[in-house]
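So the structure is just underneath, and the comments pick up after that.
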Amino acid sequence: MIFALAALLLPAVAAWWVLRALRLSVPGDSRVLTAAVAGALGIGAASLVTFAAVTAGAFPGRGFVGADAGLWLGLWLVAWLLTRVRAKAAGAAPRIGRERRWTVADWLVRAACVALVAASCAVPVIEYLRSPHGQWDAWAIWNQKARFLFRAGEDWTASMSIPWSQPGHPLLVSLSVARLWAYAGAELTAAPALLSGLFGVLTVAAVMGALDVGRARAWVAGSVLVAPLTFSHLAAAQTADLPVAMFVVTSLAMLRQDDPAAWRQPGRVRSALLLAGALGGLSAWTKNEGVLFVAASGCLVAWAVVRHGRWQDIRWWIGGVAPLAAMVGYFKLVLIPVLPEYVAGATGAGVMEQLTSSGRHAAVLGLVWPMWLSWGGPLARGSLPVGMATALLSSLTPRGRAGRGTLAVVAMMLAGYYVAFLLTTLDLSWMVATSFERLVMQVWPALVMAALSVGHTAGRDSAPTAFVQGDR
Amino acid sequence: MLWALVAAGAAVRAALAMPADPTGQLESEFLPLGPYLPPRGEVGYLEAFEDAGGDEAVRTHYAAQYALVPRVVLARVGQEFVIVARDTARPGGDSRLDGYLLVTRAPSGHSVYRRLAP
């Protein structure tokens with residue numbers, strides 16, 4: 001298990017130093033958000049390296065583990081040396097601290113959040129003890145594919161002949177699990193459980209870091225995010241919905257525009273768009289819904305660069321997303337060219353009929369409405385309508401403008417899910433009942449981030465702890 | 001914040017009330033069949049003679065697949081090797097297994113059959 005932990009840490013730490021070496025900063029220069037982004041990029045990059053090793057027939061085995069560990073350690077060392085050299089060349093820059101005086105209310109909010117997170121951590125532990133193989137989809141889809149990768153190596157493609165195991169979903173989660181097993185030398189159930197919990201931690205870190213952990217609202221956001229059973233349940237699930245949520249919210253955190261002045265700084269624009277593109281691309285490498293996110297966030301980026309009259313900046317976002325999009329395209333069009341089961345067999349005439357049928361709309365709304373009201377689990381009923389209403393109302397205020405882009409992307413994704421429900425060729429009741437909770441979780445962290453973005457001006461608030469190029 | 005605390009407490013309580021998942025048990029029941037099956041490739045799986053689409057029948061089939069990776073466990077007969085899960089064959093003789101010979105039966109009741117002629 002120690003080796004599995006090392007497998008998680010190595011690419012994350014390497015990614016942290018690469019971000020520093022390349023002077024890629026996150027909005028607000030939050031260390032917490034930077035750690036979340038480094039963790040997300042580390043997991044994503046490691047999955048791509050593993051995929052290359054599998055394709056080359058070099059997975060698993062000690063040779064893979066040695067080469068993989070060497071790669072991340074080498075990258076870490078090079079990035080660290082580059083950072084040191086640049087820091088010396090730039091000279092020591094003073095770090096300016098920000099004096100904060102916490103009120104009793106501040107302390108109470110933080111204490112309550114810590115208690116909440118502790119309680120939420122208990123849920124995955126309890127669920128792991130009862131379901132060590134994870135929820136149904138975990139062992140029927142994600143961990144099963146990981147077993148194919150781990151046990152069969154390059155012959156893992158045999159799994160594509162199992163239609164109920166969703167062969168068309170991309171491989172980030174399964175590759176990550178198989179990689180942890182390769183490091184551990186055995187198929188430990190704790191490895192996917194640990195990875196699943198880490199996705200939950202990174203999600204919380206991304207939301208709180210984006211909202212500035214120095215402010216009470218970040219702690220409120222963390223509390224609201226983890227309170228519903230649905231969140232902690234999916235942190236225990238070992239499935240791919242929380243990973244998608246994590247990539248979605250980290251990508252959107254890069255695109256938040258708290259401080260309009262940030263968009264006039266080329267370095268910050270480059271960082272924000274490049275990282276947002278890469279993280280969005282990783283969401284598409286995680287699950288089909290990530291493709292929808294790439295399309296939605298692409299619309300947001302296009303609108304933002306046009307609005308600021310700097311359309312050429314979009315190249316940075318494309319530069320981040322393109323390699324991942326190419327990988328997903330290769331996977332879905334060449335390697336596993338199968339349609340998702342929920343739209344398989346759909347015809348053009350049938351699609352038009354379902355899109356325009358008032359009865360179909362009524363059926364979808366009739367099924368979704370009660371689940372929309374009750375989403376979240378015990379005593380969290382109503383959290384989704386309240387969260388959506390709060391995000392919408394706050395985004396309509398001048399001080400809530402930072403959440404508008406995030407909310408627009410969330411709205412586009414929810415609209416996409418609605419269309420998928422309209423078009424599905426599967427039994428609609430079953431489709432909605434088995435997917436609504438998970439689909440909403442994919443946007444829940446972003447929704448919470450949008451709802452609590454009111455009055456948050458990262459650029460101005462963070463000014464005292466100014467970003468020091470190359471020395472942070 | 002108060003709501004969040006209460007909801008988190010309810011989440012812990014709900015987690016404690018969840019029943020244990022039977023997948024691990026099912027997996028351990030199918031693992032002894034592995035040595036009697038080819039190491040890779042497709043093997044058949046006899047669907048339950050009644051309520052083949054029920055949750056329990058589906059779970060058992062999926063668990064067999066999960067346990068026996070990298071083999072592909074297809075829900076049909078016709079392959080050289082066929083897995084017959086406990087209580088899935090029709091009592092008193094199942095015509096779907098005509099031409100197959102019992103290879104082994106695990107203590108759990110799950111069996112492997114092999115076709116007599118190619």
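Chain naming here is simple, since letters A, B, ... match the order of the sequence lines and numbering starts at 1 in each. Please read all numbers here as calculations on a predicted model, not as lab measurements.
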Residues 4-23 of chain B side chain polar contacts: donor-acceptor under 3.5 Å, at least two apart:
{"unit_1": "B/Asp21", "atom_1": "OD1", "unit_2": "B/Thr23", "atom_2": "OG1", "d": "3.4"}
{"unit_1": "B/Asp21", "atom_1": "OD1", "unit_2": "B/Arg59", "atom_2": "NH1", "d": "3.2"}
{"unit_1": "B/Asp21", "atom_1": "OD2", "unit_2": "B/Thr23", "atom_2": "N", "d": "3.2"}
{"unit_1": "B/Asp21", "atom_1": "OD2", "unit_2": "B/Thr23", "atom_2": "OG1", "d": "2.6"}
{"unit_1": "B/Thr23", "atom_1": "OG1", "unit_2": "A/Trp139", "atom_2": "NE1", "d": "3.1"}
{"unit_1": "B/Thr23", "atom_1": "OG1", "unit_2": "B/Arg59", "atom_2": "NH1", "d": "3.3"}

Side-chain heavy atoms of A/Val54 within contact of A/Phe64, under 4.5 Å: no
Segment of A/Ser161 engaging chain B (4.5 angstrom heavy-atom cut-off): both
Minimum heavy-atom distance between A/Phe231 and A/Leu242, given as atom pair plus value: CE1-CD1, 3.8 Å
Closest-packed option against chain B by number of heavy-atom pairs under 4.5 Å, given A/Pro132, A/Ala119, A/Cys113: A/Ala119
Output field: ring centroids B/Tyr62/A/Trp164 closer than 6.0 Å: yes
Nearest non-hydrogen partners of A/Lys145 and A/Gln166, listed with the distance: NZ-O, 2.6 Å
A/His133-A/Gln238 side chain donor-acceptor pair, cut-off 3.5 Å: no
Interchain contact, A/Glu127 with chain B, by part (heavy-atom threshold 4.5 Å): side chain
Closest non-hydrogen atom pair, A/Ala178 against A/Phe150: O-CD1, 4.0 Å
Approximate separation, where rounding is to 0.5 Å, of B/Leu68 CG and B/Phe81 CZ: 12.5 Å
Interface residues of residues 372-380 of chain A facing chain B - heavy atom cut-off under 4.5 Å: A/Pro378, A/Leu379, A/Ala380
Under 4.5 Å from a heavy atom of chain B, the part of A/Ala140 involved: side chain
When B/Val72, B/Val69, B/Val73 are compared by non-hydrogen pairs under 4.5 Å with chain A, the top option: B/Val69
Part of B/Glu27 lying under 4.5 Å from any heavy atom of chain A: side chain
A/Trp156 versus chain B, the contacting section by heavy-atom distance below 4.5 Å: neither
Audit row: B/Arg71, B/Glu42, salt bridge (charged side-chain N to carboxylate O under 4.0 Å, His left out) steps and yes/no: CA-CA 6 Å; B/Arg71 303 164 190 91; B/Glu42 296 180 349; over 6 Å; no
